[in-house]
Amino acid sequence: MTRLRRRRESPRQGTWRQALLFNSLLILLAVLGARIMTNAYTAESVGDVPDIQARTETRRAIDEAFQTIIPKGNVARAFWADQISRELASRDFSAARGYLLAAPVMLERDDSRAIMAAADAEESGSQDERLAKAALLFLPNETRAEYQRAIEPPRVSMTPDDQGQESGETGSDDETTAEDAAPAEDEQPAEGDLAEEDALDAISEDGEPYTPRRAAAFSMVGDRADLVRRAQRWINGDPVDSMQIRLSAISLIGANDTGQAASQARAISVLKAAGRARRLTPDYRTYLTERIDLAMPEERAFGAVRDALSQVAPMAQLEDQVLQAFENSIDPQGLVRLESDLAAIHRIAELTSPSGAVTLLETAESPEDIRKLQLIAEAGGDRAVALTKQIGPRVLKLAQIGVKWSLNLALQMMALTAIAMALAWTALSAVSKARPVRHFRS
């Protein structure tokens, strides 16, 4: 009787163990599979330079999106020309150029073929430059003339009177340096620097509109004297944005490193412009504030700057003391993380324009979104700016990141395969040991 009971309990114990192993493997398979998908398709896998496949797929998605923005019943060529005219009226030259570059995919087949043929006939310039020149031919005369006036290089006069006048325009206000002064009415930006004439819709802390003079000299960082004035207002308890002050301080501190000074200053200028114009999403502004706090803690910087300004000294000495105070409050590890974000923003501005970068940043809510926007800018350039103004945050879905294989990802795939094989073996083992149920007749 005891032997028979043991025989009955043995299959039950084996079935219980197999069920536990099966469920455990099933859960582990789901968890590891989700982790692999996250690591494979996350925007962090793009890296600083997206691979050619990701750029190609993203460019294809951008072209398809341009084909869908034309409302039904509208003539493609008329709608396309109206969009360019509207962007020129709002002085968003980056978006206007983006529509020119998108002409082959927005217009009818005959017009597209003619534009491509005209672009191939051009002998100088990059592919995008030749395409923009060819697309200009299909614009109405008035719109074409307006665009050409906008991209016309500034006039340079070498007469003594003009030289004296230029030398007199060296004053600076509380917001900008002399290089950031407003342009004269007869000066227009060059084609490569189209975007800054619109002042990025940025508003200074003093309530005055910010209007940089040239795109090449675009900067919202200010100089050391400007930093001291703002720091004094901060210490006095005036309503200032400490994040903007610390960003300027980080840029001025990094100016000693000529290798990355220009790129860092450009990225910080874009962030400051977007922040002052309130064009950052709340989520991304919160993330950015956390990054800046890690790089330069607010309380530490406030205390150091307060001590530096408590001494009576000449302005030049105060500038050195304040800048040194900010530098002493930097956390090196936090600064490295912030510089990674700044590098991505600089790349977006380099591929489009500072104002174009602000337009793209409006859609970002996380650092992963910035990586996606960088990929979209790599693939489309100014096309990304025009498309973002049409479809808004949906532009993020166009980033085709793809799978970037690495040793870690390969090992995870091998582990996933082993778990799947063990799961299949457990299921087959349980089925093979299963016994048919006998029904007894009464």
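Here, residue 1 is the first one in the sequence, and each next residue gets the next number.
Side-chain contact, Arg144 with Asn141: a donor N or O sits under 3.5 Å from an acceptor N or O. A donor-acceptor pair shorter than 3.5 Å can be found between the side chains of Arg86 and Gln83.
The structure places CZ of Phe93 at 12.5 Å from CG of Leu100, a figure rounded to the nearest 0.5 Å. Rounding to the nearest 0.5 angstrom, the gap separating the CG atom in Leu107 from the CD1 atom in Ile115 is 4.5 Å. Rounding to the nearest 0.5 Å places CZ of Arg291 at 14.0 Å from OG1 of Thr286. For the atom pair NZ (Lys372) and OG (Ser366), the distance works out to 7.0 Å, reported to the nearest 0.5 Å. Taken from CD in Gln324 to CD1 in Ile253, the straight-line distance is 8.0 Å, to the nearest 0.5 Å. A distance of 9.0 Å separates CG of Asp369 from CD1 of Ile376, quoted to the nearest 0.5 Å.
Smallest separation of non-hydrogen atoms from Phe326 and Ser329: O-OG, 2.7 Å. A pairwise comparison of heavy atoms in Met296 and Ala249 identifies CE-CB, 4.4 Å as the closest pair. When every heavy atom of Asp92 is checked against every heavy atom of Ser355, the shortest pair comes out as OD1-OG, 4.3 Å. What you find for Ala364 and Ile370 is that their closest heavy atoms are CB-CD1, 3.6 Å. Between Ser248 and Ile268 the shortest heavy-atom distance is N-CG2, 4.5 Å. Nearest heavy-atom pair, Leu338 versus Ala295, reported as atom, atom and distance to 0.1 Å: CD2-CB, 3.9 Å.
Ring pair Phe66/Tyr99 is perpendicular by interplanar angle, where above 60° counts as perpendicular and below 30° as parallel.
Although no hydrogens or angles enter the test, the distance criterion places no donor-acceptor pair under 3.5 Å between the side chain of Asn236 and the main chain of Asp238. When atom types are taken as modelled, the side chain of Thr58 and the backbone of Ala399 share no donor-acceptor pair closer than 3.5 angstrom. The backbone N or O of Met220 sits less than 3.5 Å from a side-chain atom of Lys272, completing a donor-acceptor pair. Distance alone, capped at 3.5 Å, is enough to place a donor-acceptor pair between the Ser112 side chain and the Pro104 backbone.
When each of Arg55, Arg59, Arg347 is tested with Glu378 by the rule side-chain hydrogen bond (donor to acceptor under 3.5 Å, both in side chains), just one qualifies, namely Arg347.
Contact check on Arg60 versus Glu57 returns a salt bridge, with a Lys/Arg side-chain nitrogen under 4.0 Å from an Asp/Glu carboxylate oxygen. Salt-bridge formation is detected for the pair Asp293/Arg246: a Lys NZ or Arg NE/NH1/NH2 atom is positioned less than 4.0 Å from an Asp or Glu carboxylate oxygen.
Looking only at side-chain heavy atoms (C-beta outward), Leu271 and Leu361 come within less than 4.5 Å of each other. Counting only heavy atoms from C-beta outward, the side chains of Leu342 and Arg266 never approach each other to under 4.5 Å. For the pair Leu373 and Leu396, the minimum side-chain heavy-atom distance is below 4.5 Å. Side chains of Asp128 and Arg383 form a contact here, defined as non-hydrogen atoms less than 4.5 Å apart. Counting heavy atoms from C-beta on, the side chains of Ile69 and Met106 come closer than 4.5 Å. Two residues are said to be in side-chain contact when any heavy atoms from C-beta on lie closer than 4.5 Å; Val305 and Ile245 fail this criterion. Using a 4.5 Å heavy-atom cutoff, the side chains of Asp331 and Leu294 are not in contact. With contacts defined as side-chain heavy-atom distances shorter than 4.5 Å, the pair Glu327/Leu323 does not qualify.
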side-chain contact (heavy atoms from CB on, under 4.5 Å) for Leu398 and Ile391? Distances and angles first, verdict last.
CA-CA 11 Å; Leu398 303 180; Ile391 65 177; 4.2 Å; yes
Applying side-chain contact (heavy atoms from CB on, under 4.5 Å), run through Ser269 and Val221 and close with a yes or a no. CA-CA 6 Å; Ser269 297; Val221 173; 3.7 Å; yes
Can you list the steps and then say if Leu139 with Trp80 is a side-chain contact (heavy atoms from CB on, under 4.5 Å)?
CA-CA 9 Å; Leu139 286 174; Trp80 170 73; 3.7 Å; yes
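Counting heavy atoms of neighbouring residues, nucleotides and ligands inside a 6.0 Å radius, atom CD of Gln148 exceeds 12 of them. A 6.0 Å sphere centred on CZ of Arg300 holds more than 12 heavy atoms belonging to other residues, nucleotides or ligands.
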Distance-only donor-acceptor hits, side chain of residues 309-322, under 3.5 Å, sequence neighbours excluded:
from, atom 1, to, atom 2, distance (Å)
Ser310, OG, Asp307, O, 2.6
Gln317, NE2, Gln321, OE1, 3.0
Asp320, OD1, Arg224, NH2, 2.1
Gln321, NE2, Ala308, O, 3.1

